[in-house]
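This report concerns only the one structure given below.
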Amino acid sequence: MSTLDKIKQRIENLRKQIKYHDYLYYVLNQPEISDYEYDKLYNELKTLESQYPQFITPDSPTQRVSGEVVKEFKPVKHTSPMLSLDNTYSQQEIYDWAERISKYVALKNLEFIVEPKLDGLSCTIHYVNGKLHTAATRGDGETGEDVTLNVKTIRSIPLSLEPKGSVEIPKFFEVRGEVIMYKKDFEELNKQLQQKGVQTFANPRNAASGSLRQKDPKITAERRLRFFVHSYGKVESKTEITTDEEFLELCKKFSLPVVQHYKVCKTIDEVVKYCLEWQQKRDSLDYDIDGMVIKVNQLKYRDKIGSTLKAPRWAIAYKFPARQATTVLKNVVMQVGRTGIITPVAELEPVECGGVTISRATLHNFDEIKRLGIKIGDTVVVERAGEVIPKIVKVIETKRTGKEKDIEVPKKCPICGSNIIKQEGEVAYRCPNSSCPAQVINSIVHFAKREAMDIEGLGESVAELLVQHNLVKKLSDIYYLTKEQLLTLPLFKEKKATNLLNSIEKSKQKPLSKLLYALGIPHVGEKSAEVLAERYETLDNLMAATEQELQSIPEVGPVMAKAIKEFFSNKFTLQVISELKKAKLNTTQPKIEKKETQIFANMTVVFTGELDSMTRTQAEELVKTLGGKTSSSVSKSTSLVVVGKNPGSKYEKAKQLGVKIIYEEEFLKLIKKK
Ligand code: IVH
């Protein structure tokens, strides 16, 4: 074989590997290799393609992001209308729907396919002779917008259909589905936007929509969108498809990501049960769903039942009960956070909302109050999503009586009485008094929490006691507490006092990264604290760094750099730090000696079962500090499986694949050596 042939072969092999790992990662959620190994493959391909451009093909993974920027999205006429769905809101309405369609086909003959209703935006993708040809949004149902370049950047979507097994590639294959953003990716994106000072998105659906409809596909590529197929459009294929389930199975053979958790049900009772099951479990998913879709499974019966102009009769959406409710705003109280920011909190007439009673909601800040145009006494709509704090979404102005009262920005801190200030360019109002008891209590709680200095026994109630009894006026005071003092507090006996003092003492050894995070520097989260600690090694070095220098660190933006500088030039902070040093707190970051301590370097470790000596998270953290990666599933590329009590199927899989297995005892020995 000539060298050129060998290079071509290597390029093809790399593409195959990358496509395979994209599928494992983005579709199955079961990666087999680390990001590092993936990047290595990708970079090798990129380099080879730049040296040998004659071998670049449009469906190469490197071609997902094009350099093109469009002026406007071209219209795409749909092959058949992209209909919407009629909604139902109760079990009874599902039974009513079944009754209606039984006029066309006897119920006993019907099967139903039931699946989550994804809260995203619908999109259609055409594959012509197996190659991704066109992608379009729903638009008005008849004509959509051409978003091909944007859709190509979504890694879970194959650029070409490469069937598993003996399936023919269809001449034309149109899949329709939902573009969504995972909840965690949405939060991450909003955090980044906020740091850049740009408008954030209200929810994952808006984020998905805003990210897909970007004129510059490079931005879409950065946005971690996902796609799930839930229906079909025009299909010209030799493979016979008689049910929706068969269609979805065929999609899977083409490595297309299909809607998860679909179930074929034989009776309406079963359908209803499955819908209610997911109503309970909806928050366990990585993404938002707003209901379930119920469809007739057999395609021949779909034809018989037919569609109206707007929606098919053979399908219906069951919408989950709204997590919105109407109630009255009784009062607004001001909470003072750890940095002094005043957060207005709404006190509500208690109301049931999505299964729980709510009586408080956050109002975020005074701009939000202005935006909502809200007054005390107003009738308002509240919304609760997932585990987050309920929020007020709007005011029902027609319910106004004229007796409502404006919400005033407080002039004085409700806790310490200091004059409240507002800095230019900031939305927030603050209590400027660093010794404000509310600030001190909240700072202590943050300082002591597990991810920070991990001081057991120092939670909210103890922090409150310490401050109320004047034992602690600023953070550093906790390191000067004596047993005699603690014993004066209610509910504090010898043992509790000793334990608390011991955990305070122990916390002195924490590395600089934890201390930095614990100090609560605005904009410095856990990860940035680690980056800073590793870079500067000592607190003094960091404090001496200039704003410019800080900004030169890739992970540190201008906002964070400024915040760090300001934090360390504050007199009160400097006093706290000097007293922490006097109390002999460690202010350095231990160096990780690459070769000696990185015992898990280049290894992927999987845990199964319960460990006696530590939690799973702690064990995984340890592996990471010792240079390794962790994964939640076992595959051929797993280097090591650590087995605890009651191991799960991963243990069996490891044995099957011949992956190295060790038990807790050996794991402890391994890490002790370090
Ligand atoms: S089936 C005729 N299945 O909901 C339309 N739609 O309200 C057949 N949607 O525009 C659609 N999840 O984009 C179907 N699992 C799912 C869905 C789903 C979300 C969207 C769809 C449609 C909208 C209708």
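When a ligand or atom number is given, it counts from 1 through the structure's own listing order.
In plain terms, the two heavy atoms of P217 and V69 that are nearest each other are CD-CA, 4.4 Å.
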Please tabulate, for side-chain N and O atoms in residues 158-167, each donor-acceptor pair with protein atoms closer than 3.5 Å (sequence neighbours left out).
unit_1 : atom_1 : unit_2 : atom_2 : d
S160   : OG     : D59    : OD2    : 3.0
S160   : OG     : E162   : OE2    : 2.9
E162   : OE2    : K19    : NZ     : 3.1
K164   : NZ     : Y23    : OH     : 3.4

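Seen from the ring of Y182, R226 counts as a face-on cation partner, given the 6.0 Å and 45° thresholds.
Near ligand 1, residues L83, L85, E115, P116, K117, L118, S122, E178, H230, V293, K295, P312 come within 4.0 angstrom through at least one heavy atom.
Using the six-membered ring where Trp is involved, Y38 and Y42 have ring planes that are parallel, under 30° apart on the 30 and 60° scheme.
Pairs engaging residues 61-71 under the salt bridge (charged side-chain N to carboxylate O under 4.0 Å, His left out) rule: none recorded [sequence neighbours left out].
When the ring pair (Phe, Tyr, Trp, His ring centres under 6.0 Å) test is applied to F254, the partners found at least two apart in sequence or on another chain are F173.
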